[in-house]
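Input: a single structure, listed below in C-alpha cells.
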Amino acid sequence: MAIQIPSRLLFIDGEWREPVLKKRIPIINPATEEIIGVIPAATAEDVELAVEAARRALSRNKGRDWASAPGAVRAKYLRAIAAKIGERKPEIAKLEAIDCGKPLDEAAWDIDDVSGCFEYYAELAEGLDAQQKAPISLPMEQFKSHVLKEPIGVVGLITPWNYPLLMATWKVAPALAAGCAAILKPSELASVTCLELADVCREVGLPPGVLNILTGLGHEAGAPLASHPHVDKIAFTGSTMTGSKIMTAAAPLVKPVSLELGGKSPIVVFDDVDIDKAAEWTAFGCFWTNGQICSATSRLILHEDIATEFLDRLVKWCKNIKIADPLEEGCRLGPVVSGGQYEKILKSIETAKSEGARVLSGGARPEHLKKGFFIEPTIITDVTTSMQIWREEVFGPVLCVKTFSSEDEALELANDTHYGLGAAVISKDLERCDRFSKGLQAGIVWINCSQPCFCQAPWGGNKRSGFGRELGKWGLDNYLTVKQVTEYVSDDPWGWYASPSKL
C-alpha cells in the first residue's frame, strides 16, 4: 500500500497557515518519478508573518517565556520533541526515504540521530544556566567583570535536501537551546519531514512563534529570509554558490552568517592497509546517502603499489551494493533526489570521459531499474588534476581516482582543492596518520574510516566549504552572543578629574 503524504500547510506562530499567495509545489518520489503530494510554497509575504511571529515570541512576557527563561525550561521542550520523534520514528523514516530517496535503513538511523541531537542540546540548554555571570579575572581590584551568554535573536535556518530532518535539527536544536526564535526554510526538494517536525512541536506545546517552518523555493522564500532586516542571523547548509549569495544578502546589514557548503574531500589510502577494510570504507565514504553528502570522500588518492589490486577489489565491493527502491529490504543505494540532479551527475560523468578519464565501473542507470533517478556507483580512473571531475563537486555516487608514490605527493594531492570540509587517511601506521591529519587542510579528518558523525563533535569546513562550526558546544555558540558586564566596586572616587568642590 502506498504511503500517504500528510497534507500540511505552513507553520507560523504555532498554527498551520495557508500561504498568502496559495502556491503549491509538487512532491516527486525519486524512485518512481511519480507525484505523490504537494507542499505549500511560501513567499516574501509569508516570511514577513513568520518574522513578526518570531519577534513576538522573543519579547512575550518581557522575554521570560523563552529568550530569558531558564535553560531548564527550554530543555523540557527539547526533550519532549526528542521523545515524540522517537515514538514516530517508523512513520517519519518512511516519509524521509520516499521524499529524498535514501535507503530506509539510513533514514531510520537519521531519525535516531534527530532524537539524540534534541536530547543533547537539552543537556546543553540546562548547562547554560551555570555559565551565566562567569567571572573574569582583572588586573585592577576596583572592578569586577562577568560574562552573560544571551540568544542572538531571530535566526533564519536554511537547510538542504540530503538529510532533510537531521540537517534541520542540527540548526533548530541549538538555536532553541540558546533561546532564539527560529524560522526554518528547508529545501523544496525534500520538506515533508520538516513539516512533520512542525506537527511534533504543535503536539508538545512549544510556545507560539518559537519555531516557524516555511517550505518553498529558494528565491521566493529563502532570499527574503536572508535579507530581512529583522532576522538577526542566517545559518545555511548547501552549495557554495548559494552560500555566496546569502553572504551578499546579509552584508548590507552586517548580519552574521554561518555556512556549511560544498566539498571535494579526499580519502588517502596507503600501501600498508587491509585492502578489504579500506575498500569498504572507500565505498562507504563516497556512496553513503546515494553519494549526496557535502563531506563525501569522492577523491580516492591511492598508493601506486596497491592500485591494481585495490581497484579490482573496490569494483567487486561496488557491484555487491544493492541498488533498489529505498523501501526494499537490504537497499544500500537509492535514487538521487531529482531529475535535475540525475542529469547533472550523468553530464559530469560524460565530461570526465570527454576529458580523457576512464569509467572503470558504473556510470549509468542500473539495467534492472527502468524508472527512477538511479545511478550505479561509479569509479573513474586516469584522472588528472585539471579535470572537472577532480575539481568540482558532483554530489552523486561518483568516485574519481588518482595514484601517488610518496607521502608528500599524497598530501599535496589531498589539499589540491578549493574546498576544505572533510578528509580521510587510511593506514596502519598511526604516526603517519597523525602527521597527515595535521597537514590536511580540512575542518574534519577521519583516520581509518570515513563519514562518522556525532552530535558531540564539531562539524564544519575551511576555504570554500564555509565557516563556523555546527554540533557540539560549538553549535550552541553559533546562536549565542556574549555580553561583558563590568562593575566599579570601590568606595573611592575615580579621581581622574579635579573635583569641582575643591576648586
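Counting begins at 1 with the first residue of the sequence.
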Subject >> side chain to side chain contact (heavy atoms under 4.5 Å, CB included) between Val398 and Ser298, worked out >> reply: CA-CA 7 Å; Val398 180; Ser298 58; over 6 Å; no
**OP:** Decide whether a cation-pi geometry holds between Arg299 and Trp390; the criteria are a distance under 6.0 Å from NZ or CZ to the six-membered ring centre and an angle within 45° of the ring axis.
**Re:** yes
Original post:
Can Lys102 be said to sit on top of Tyr163's aromatic six-ring, NZ or CZ under 6.0 Å from centre and within 45° of the ring axis?
Top reply: yes
Is a side-chain donor or acceptor of [X] paired with a backbone partner of [Y] at a separation under 3.5 angstrom?
{"X": "Glu96", "Y": "Thr193", "answer": "no"}
{"X": "Gln292", "Y": "Gly396", "answer": "no"}
{"X": "Lys255", "Y": "His228", "answer": "yes"}
{"X": "Asn415", "Y": "Gln441", "answer": "yes"}
{"X": "Asp105", "Y": "Pro326", "answer": "no"}
{"X": "Arg358", "Y": "Asp382", "answer": "no"}
{"X": "Ser115", "Y": "Ala82", "answer": "yes"}
{"X": "Ser465", "Y": "Gly420", "answer": "yes"}
{"X": "Ser244", "Y": "Thr240", "answer": "no"}
{"X": "Trp446", "Y": "Pro452", "answer": "yes"}

Closest approach of [X] to [Y] (non-hydrogen atoms, all atoms of both residues):
{"X": "Thr282", "Y": "Ala278", "answer": "OG1-O, 2.7 Å"}
{"X": "Cys331", "Y": "Gly334", "answer": "SG-N, 4.1 Å"}
{"X": "Val192", "Y": "Asp99", "answer": "N-OD2, 3.2 Å"}
{"X": "Cys201", "Y": "Leu211", "answer": "SG-CD2, 3.8 Å"}
{"X": "Glu393", "Y": "Ile293", "answer": "OE2-O, 4.3 Å"}
{"X": "Ala97", "Y": "Leu327", "answer": "CB-CD2, 3.9 Å"}

Within-4.5 Å side-chain heavy-atom neighbours: [X] and [Y]:
{"X": "Ser361", "Y": "Leu314", "result": "no"}
{"X": "Phe236", "Y": "Val257", "result": "no"}
{"X": "Val273", "Y": "Lys277", "result": "no"}
{"X": "Val172", "Y": "Leu157", "result": "yes"}
{"X": "Asn162", "Y": "Ser187", "result": "no"}
{"X": "Asn212", "Y": "Phe11", "result": "no"}

Original post:
What's the verdict on side chain to side chain contact (heavy atoms under 4.5 Å, CB included) for Gln388 and Thr351, showing C-alpha distance, side-chain angles and the deciding distance?
Top reply: CA-CA 8 Å; Gln388 179 181 299; Thr351 299; 3.8 Å; yes
Taking the basic N atoms (NZ, or NE/NH1/NH2) and the acidic carboxylate oxygens, is any pair closer than 4.0 Å for [X] and [Y]?
{"X": "Lys185", "Y": "Glu188", "result": "yes"}
{"X": "Arg365", "Y": "Glu376", "result": "no"}
{"X": "Arg79", "Y": "Glu119", "result": "yes"}
{"X": "Arg435", "Y": "Glu407", "result": "yes"}

For the residue pair [Y] / [X], report whether a side-chain donor-acceptor contact shorter than 3.5 Å exists.
{"X": "Lys171", "Y": "Thr237", "answer": "yes"}
{"X": "Ser450", "Y": "Thr297", "answer": "yes"}
{"X": "Trp459", "Y": "Glu260", "answer": "yes"}
{"X": "Ser427", "Y": "Asp272", "answer": "yes"}
{"X": "Glu470", "Y": "Ser258", "answer": "no"}

Subject >> Ring centers of Trp109, Trp288 separated by less than 6.0 Å >> reply: yes
Subject >> Close aromatic pair by centroid cut-off 6.0 Å: Tyr120 and Phe454 >> reply: no
Subject >> Name of the residue among Lys89, Arg88, Lys94 meeting salt bridge (Lys or Arg N to Asp or Glu O under 4.0 Å) with Glu91 >> reply: Arg88
For [X], look at atom [atom1] and say whether over 12 heavy atoms of other residues, nucleotides or ligands are found less than 6.0 Å away.
{"X": "Ile35", "atom1": "CD1", "result": "no"}
{"X": "Glu309", "atom1": "CD", "result": "no"}
{"X": "Glu33", "atom1": "CD", "result": "yes"}
{"X": "Lys322", "atom1": "NZ", "result": "yes"}

**OP:** With salt bridge (Lys or Arg N to Asp or Glu O under 4.0 Å) as the test, would you mind laying out the steps for Glu350 and Lys347 before giving the verdict?
**Re:** CA-CA 5 Å; Glu350 287 305 310; Lys347 185 178 179 183; over 6 Å; no
Original post:
Where do Arg74 and Glu126 land on the salt bridge (Lys or Arg N to Asp or Glu O under 4.0 Å) test, with the steps shown first?
Top reply: CA-CA 8 Å; Arg74 298 192 293 272; Glu126 289 173 332; over 6 Å; no
**OP:** Decide yes or no on side chain to side chain contact (heavy atoms under 4.5 Å, CB included) for His418 and Lys463, but give the supporting numbers first.
**Re:** CA-CA 6 Å; His418 293 304; Lys463 300 193 274 188; 5.9 Å; no
Original post:
Should the pair Phe395 and Trp161 be assigned to parallel (<30°), tilted (30 to 60°) or perpendicular (>60°) ring geometry?
Top reply: perpendicular
**OP:** Decide side chain to side chain contact (heavy atoms under 4.5 Å, CB included) for Ile379 and Leu300; before the verdict, give the C-alpha distance in whole Å, the side-chain angles of both, and the deciding distance to 0.1 Å.
**Re:** CA-CA 10 Å; Ile379 303 169; Leu300 170 59; over 6 Å; no
Subject >> Euclidean distance, Phe310 CZ relative to Asp276 CG, rounded to 0.5 Å >> reply: 9.5 Å
Subject >> Which residues share a ring pair (Phe, Tyr, Trp, His ring centres under 6.0 Å) with Tyr479, sequence neighbours left out >> reply: none
